[in-house]
Amino acid sequence: VQLQASGGGLVQAGGSLRLSCAASGRSFTSYTMGWFRQAPGKEREFVARILWKDASTYYTDSVKGRFTISRDNAKNTVSLQMNTLKPEDTAVYYCAASTYRYYFSDSDYRTSSVYNYWGQGTQVTVSS
């Protein structure tokens, strides 16, 4: 599985960006997809995930109501629509795939270890 993230850039606070992640592989519909981010000097943190079996979504509290994760199984892509961006959203954003055909808990999906494939990251910078 290869993941290619795109869509990052520089935006003013209050603006929007849409990240996309294209995935290779014939079994995309069975992958749970996630987005993580890593700010300078900080650990990588969970942002959002979308399940493989029912496309249900789950977000970290700091982005609820502002970010929306979605998937297009026909195009093997997962997207992260980011609205009302804040300077604290500045980070490198990574898409990740969990190909395990197993339903993990929401707390498990917050951890990097349940994702076995990662994209290269795309920089998002929000200016104040």
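The model shown is predicted, which means the values in this text are computed figures rather than measured ones. We count residues from 1, following the sequence as given.
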Are [X] and [Y] close enough that a side-chain donor and a side-chain acceptor fall under 3.5 Å?
X	Y	result
N83	S16	yes
Y58	R110	yes
T99	N116	yes

Determine yes or no for a side-chain-to-main-chain donor-acceptor pair under 3.5 angstrom, with [X] supplying the side chain and [Y] the backbone.
X	Y	result
T32	L51	no
S105	D108	yes
Y93	Q38	no
R66	Q81	no
Q120	A5	yes
T90	V126	yes
T77	C21	no
Y59	I69	yes

Does atom CD (E88) have a neighbourhood of more than 12 heavy atoms from anything else shown, all under 6.0 Å?
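Yes, enclosed.
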
Say whether V11 and F67 are linked into one hydrophobic cluster, either directly or through other cluster members, by side-chain heavy-atom distances under 4.5 angstrom.
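Yes.
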
Y115 and Y103: same hydrophobic cluster, using ILVMFWY side-chain contacts below 4.5 Å?
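Y115 clusters together with Y103.
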
Write down the atom of [X], the atom of [Y], and the distance for their closest heavy-atom approach.
X	Y	value
A13	P87	CB-CD, 4.1 Å
Q123	A91	NE2-O, 3.4 Å
L17	G8	CD1-C, 4.5 Å
V63	V47	CG2-O, 3.8 Å

Roughly how far, to the nearest 0.5 Å, is CD of Q4 from OG1 of T122?
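Rounded to the nearest 0.5 Å, the OG1-CD separation comes out at 9.0 Å.
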
How many angstroms lie between CZ in R18 and OG1 in T68, if you round to the nearest 0.5 Å?
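Reported value, rounded in 0.5 Å steps: 8.5 Å.
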
Quick one: does [X]'s side chain get under 4.5 Å of [Y]'s, heavy atoms only?
X	Y	value
W35	R49	no
L19	R37	no
W52	Y102	no
S98	Y117	no
S27	R101	yes
L3	M33	yes

Between K64 and D61, does any side-chain N to carboxylate O distance fall below 4.0 Å?
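Yes, charged N to carboxylate O under 4.0 Å.
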
Applying the ring-ring contact (aromatic ring centres under 6.0 Å, His included) test to F36, which of F46, Y109, Y94 qualifies?
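Going through F46, Y109, Y94 one by one, the ring-ring contact (aromatic ring centres under 6.0 Å, His included) with F36 is satisfied by F46 alone.
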
Less than 6.0 angstrom from the centroid, inside 45 degrees of the normal: does R44 satisfy that with respect to the ring of W118?
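Yes, cation above the ring, under 6.0 Å and within 45°.
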
